[in-house]
*Asks:* 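Below is the structure I would like to discuss, written out as C-alpha cells.
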Amino acid sequence: MKFSLFDLLFNPNRFFQDTLGDTEHLKMPVLIVLAGAILSAGYGYLAGSLTAKLMDSAMGGLGAVMTIFVIFATFAGVFIFWLVWAGLFYLISKLFKGEGSFNRCLEVVGYGYLPQVFGAVITLIAALEYLPKVVVPQLTSSALQDPTVITEATKALMQDPAMMAYTQTAAVISVVFLLWSANTWIFGLKQARKLSMRDAAICVGAPVLVFIIYVIATMAGA
Amino acid sequence: MKTLYLFVISVAVLLAGIGSASAYTTPDSLAAAGNVYISGVTYDPGAFFTGDKGTVSISVTNGNRNQSVVVDHATFGDDDIRLMGDPYDVASNIGPLQTRDYTFSVAADVPDGHYYPRLSLSYRDAGSLYYPAAVWVDNTPLVLAVIDSPDSYTDGKKNTISLQIANPRKAAVKNAVLDIYGANADILPASTYIGSLPAGTNTLVNFSVTPNAETTLNVTLRYDNGDNHHSVSRQIPIQFSPDKKDATPIVSNLEVKNTGGVFKVTGDITNAGLSTANAVTVTSLSPAEPADPYRSYVIGALKPDDFGSFTVTFNAQNQTEVPLRVSFKDNDGNIIASTQNVTLPRFAAQDKSGSGSSLLPQAVGILALIVFAGGWVVYIRKHKE
C-alpha cells in the first residue's frame, strides 16, 4: 500500500487508485480522524471554558463539569460525523447500485477527513484569538432556577461581538474545508463503491450541499 | 374804710358797665352776622375708619362789604365725632369779605354711617352760628384681587401674577405700598410703592414668582387714610401641578445594547405638550456613569408633536435600572427636568453595529460552494467527452 499525503490532498484520484487494496485498512483513517478530534477538543475546551465561566458564577464546580462535557462532545462528535458521512454516502450510493462494503466507505471518508484536520488547526488559532475577548455574562445562583435567565445569558454570550466573529470564522473555515474533503470523498467513493464520477459526485455532493446550506442559513440567522 | 368800699364798688360798677356796653347786640350787628356763612368744609381723611383720627377745616366767610365780625368762641363736634384738643377760645376778627379757616382735630369712634357734628361759632355781639358738617365713617377696606395667575406652578419656573388694587371707598388713600413675601420663593419686586389711590379707582401690579418649593405668598397692602395706618392682606397658595400648556417630552422606543461593557441606550423623545421644548438634553444619572461617546445627547428644540432620536452611553455594573434625565428649557429659560428609569436587561443584547457583522461569511460560503459545484460540473462534462 502506497500512501502519499500530497496525492491525498491534491490528486485524490491517484491516491485512492494507489492506496485502496483488496481489504480495508482503517488504521490510517482512524489516526486522521483522531487528529481532527483532538484539535476539535482543543477549541471545544476554549469554548467550554466560557460556558464554565458563565456557570461558575452561579455555582462553583458546575463549570468544570460543563468543560469536560464540551471537550468530550466535540471529540466524540468528530467520530460520530465520520460514521454519519460514511453511512449517508453508503446509503445514497446504494441507489446508484454501488458495490463495496461499509468499511470501505469508512476508509475513504476517513482519508477524506484530512483537509478538515487542517481546517481544525485554523479554527483552533481563531479560537485562541477571539474567545479570550468574549465578555461572559454573570449569573447568580438564583438565576439557575429561571430557565429564561439562562436562555438570556446564553443568548448574550452568543451575541458577544468576539463570539460572533469566532462563530462566523469557524463556519467559513468549516465550509471551505468540508468542500475540500468532499472533493476527496468523491474520488474515494468512486473507487470504494465502483461508481461513475457523476454518481459519486451526486452521492457526496447532495448531503454536503444540504449541510453547507444549513450552516450558511445558521450564520444568517445568528 | 367806708371810703375804700365805695371805691371798689364804683370800679366794679364801672367795669360792669363797660362789659355790658361791649356785648351789646344791635340791629346792625345782627345784620352783619347774618352775612357770615360757611364757605367750605374739608375733612382729612375724607372718610374715616372707625377709630381714625383726623382734622376738619371749616372756612367761615364774612360776606359784609364794610363790617367786620368778631368771633369770641368756636368749637366743633358732638357725641359721635369727638373733638380732640381745645376749641377756639380767643376772640378773632373776620374782616369784610374775608374768610377764616377753623381747623379742629377730631376722632371717629363710631360704626359705619353718616354723621353730622356741628360747628358752633359765638359772635361777640350777634349771637351764634351753628353748622352741621357731614362726615362719613366707612370701614370698607381696599380691594386686593388676583386677576391673573398661571394655571399651574412648576419647581424653578418663573411665573407672573397680576394683582388689582382698588379703592371702593368714598375718599382717597395715600402712601399705598404692596409687600409680598413667600418662603422658598424668589419674588420680584417684593415691594411696590403705589402712592395715592383716589376713590373709585384701581391700579395693576405685576410681580414674578419663582417657587423652589410649594409655599404660600403673603401679600400685604399698607396704606394711609389721612395719618392713620391701615393694611389689607391676602394669601396666594403656590402648589405645584403639571402645566397644561407646557412642553411634555415623552420617551419611547427605548432600546438597550451592551457594547463591550458600555450600555448604549437609544430612543425617541416626542413633545406631547403644547409649547416648544428648547434645548432638549438627555443624560444618564447615578448609579450610571456617563461614558464616551455619548455622555449627554442634545436633541435641540422640539416643537409640539415633533420628535427626535437620542443615544446615550454609560457604565452601569451590576445595575438593573438606571435613571435617564430629560431636561429642556421653556421660553423663559427655566430648566425643567424629568427622569425616567430604564430597565437594563440582565444580559443586554450586544450591539452588532461595527463589530464585523456582515454578510461576508455567508458570501464566502456560497462562493466556495458555487466554485466547488461549478468545478465539478465542468470536470464531469470534460471526462464524459
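Order of the sequence lines fixes the chain letters, A, B, ..., with proteins taken first and strands second; residue numbering starts at 1 for each chain.
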*Asks:* Under a 4.5 Å heavy-atom cut-off, does chain B meet the side chain of A:Ile186, its backbone, both or neither?
*Replies:* side chain
*Asks:* Under a 4.5 Å heavy-atom cut-off, does chain B meet the side chain of A:Ala201, its backbone, both or neither?
*Replies:* side chain
*Asks:* Atom CZ of residue position A:Phe69 - does it have more than 12 heavy atoms of other residues, nucleotides or ligands inside 6.0 Å?
*Replies:* no
*Asks:* Are B:Phe372 and A:Ile212 packed together at the side-chain level, in the sense that at least one heavy-atom pair is separated by less than 4.5 angstrom?
*Replies:* no
*Asks:* Measuring heavy-atom distances to chain B, does A:Ala162 have an atom under 4.5 Å in its side chain, in its backbone, in both, or in neither?
*Replies:* neither
*Asks:* Might you confirm whether atom OH of B:Tyr153 has over 12 heavy atoms from other residues, nucleotides or ligands at distances under 6.0 Å?
*Replies:* yes
*Asks:* Anything under 30° is parallel, anything over 60° is perpendicular, the rest tilted; go ahead and classify A:Phe187 against B:Trp376.
*Replies:* tilted
*Asks:* Does CZ in A:Phe96 sit with more than 12 non-hydrogen atoms of other residues, nucleotides or ligands closer than 6.0 Å?
*Replies:* yes
*Asks:* Got more than 12 heavy atoms from elsewhere within 6.0 Å of CG, B:Asp305?
*Replies:* no
*Asks:* Identify which part of B:Leu367 has an atom lying under 4.5 Å from any heavy atom of chain A, answering side chain, backbone, both or neither.
*Replies:* neither
*Asks:* Would you give the length of the straight line joining atom CG of A:Leu179 to atom CD1 of B:Ile370, rounded to the nearest 0.5 angstrom?
*Replies:* 11.0 Å
*Asks:* Is any side-chain heavy atom of B:Leu369 closer than 4.5 Å to a side-chain heavy atom of A:Val175?
*Replies:* no
